[in-house]
Amino acid sequence: MAKSALLKSSIAKKYWMALTGLFLCLFLAGHLAGNLQLIFSDASHFNQYALFMTSNPAVKLLSYLTYISILFHAVDGFMLTYQNVKARPIGYAKNNPSKNSSFSSRNMAVLGTIILVFIITHMVNFWAVMHFDKKMPLQTVVVENAGQKLEYYITTDTGKFFPKDSLQLVQAGLEIRNKTEFYNKVANVKMGDGYKDLHKITVAFFKDAKWGLIATILYVLAMITLSFHLLHGFSSAFQSLGLNNPKYTPGIKKAGAAFAIVVPLLFAIIPVYIHFFLK
């Protein structure tokens, strides 16, 4: 990457920094819309959203583009920071940065590093669990019949339910393969797919008796960091692309400030709501 022709000049680096940054802003907006279902919807809708995000071919392609953008944005940012430091090995005799620049613009590299660490830990705790954990639970529903409560797996096929009780599952001639697939063992025929219960994993993570509060606080702090990063990064991206205009720039700055406050705030509200208010 460092030797790529796309990243040889400072101008090219700033272009790519701006483009990947704006694309990631779009990703944030979309990701937020899905995550808000943790507050405004139920487990079924959230798990349906999670399945769609991990199985739809177009969305999967966008996901790979997002991973590449995050990596590219991080590498590009570190390279630009290194270039700036290298270009000025000796500091100014008199320097009062607080009067000439904002806190966000002076600390973009530090803010970006914290966000990168957050992204990695976030993916380990949720993305990796959903994709690779053999103990990933499947969504179930409790049905009461004649005073007896029975738990059933929900499938992606409307109207199909399979007993969660392992003995009842065996008696029905069924077994679970590939984490989510229900098969008739005798006929070796697939009978349906279960929903991975990402809703349950997420709620358990933030409501954990020992670590839930700490996880919630760290998540909120990460969103504050993201807010500061966006406060400079959003409008700076348009400037790097040469889209400066006396008529439009003030509006872009206001839109950027609104985005930098509202989006991280809504993200931060989700774990707070789960930990303190969700029953």
Would you call the rings of [X] and [Y] parallel, tilted or perpendicular if under 30° counts as parallel and over 60° as perpendicular?
| X | Y | answer |
| --- | --- | --- |
| F267 | H31 | tilted |
| Y219 | F118 | perpendicular |
| W16 | F72 | tilted |

Side-chain touch [X]/[Y], heavy atoms, less than 4.5 angstrom:
| X | Y | value |
| --- | --- | --- |
| I270 | T202 | no |
| T121 | L218 | no |
| M136 | K179 | no |
| V272 | F206 | no |
| F182 | L138 | yes |
| E175 | L169 | no |
| N35 | L266 | no |
| F27 | L62 | no |

**Q.** Option among L230, I224, L32, L231 that satisfies the side chain to side chain contact (heavy atoms under 4.5 Å, CB included) test with P264
**A.** L230
**Q.** Candidates T155, L198, N47 - the one meeting side chain to side chain contact (heavy atoms under 4.5 Å, CB included) with Q139
**A.**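 Filter result, single survivor: N47.
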**Q.** Residues forming a salt bridge (Lys or Arg N to Asp or Glu O under 4.0 Å) with D197, sequence neighbours excluded
**A.** none
(Q) I'd like to check the salt bridge (Lys or Arg N to Asp or Glu O under 4.0 Å) partners of K164; sequence neighbours left out, ordered by chain and number. (A)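 Result, salt bridge (Lys or Arg N to Asp or Glu O under 4.0 Å) vs K164: E151.
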Q) If you measure only the distance, is there a donor-acceptor pair under 3.5 Å linking the side chains of D42 and H45? A) yes
Q | Gap separating the CG atom of D157 from the CE atom of M191, nearest 0.5 angstrom | A |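 Separation between the atoms: 9.5 Å.
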Q: Rounded to the nearest 0.5 Å, what's the gap from CG on D133 to NZ on K196? Could you check?
A: 9.5 Å
Strictly distance-based, threshold 3.5 Å: is any side-chain N or O of [X] a donor or acceptor partner for the main-chain N or O of [Y]?
| X | Y | answer |
| --- | --- | --- |
| T225 | I115 | no |
| N56 | V59 | yes |
| T113 | A109 | yes |
| N178 | T180 | no |
| D165 | Q168 | yes |

**Q.** Aromatic contact, F126 with F205 (centres under 6.0 Å)
**A.** yes
Q. Aromatic ring centroids of Y153 and Y195 under 6.0 Å?
A.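 No, the ring of Y153 stays outside the 6.0 Å limit from the ring of Y195, centre to centre.
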Q.
Count I, L, V, M, F, W, Y as connected when their side-chain heavy atoms are under 4.5 Å apart, and connections chain through other members. Are F132 and I120 then in the same cluster?
A.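 Yes; I120 is reachable from F132 via cluster members.
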Q: Verify the cluster assignment for Y152 and F162: are they in a single hydrophobic cluster under the rule of side-chain heavy atoms below 4.5 Å apart?
A: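 Looking at the clustering, F162 is in a separate group from Y152.
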Q: Count the heavy atoms of every other residue, nucleotide or ligand shown that sit under 6.0 Å from NZ of K185, and state whether that count exceeds 12.
A: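 Yes - once you tally the heavy atoms of other residues, nucleotides and ligands closer than 6.0 Å, there are more than 12.
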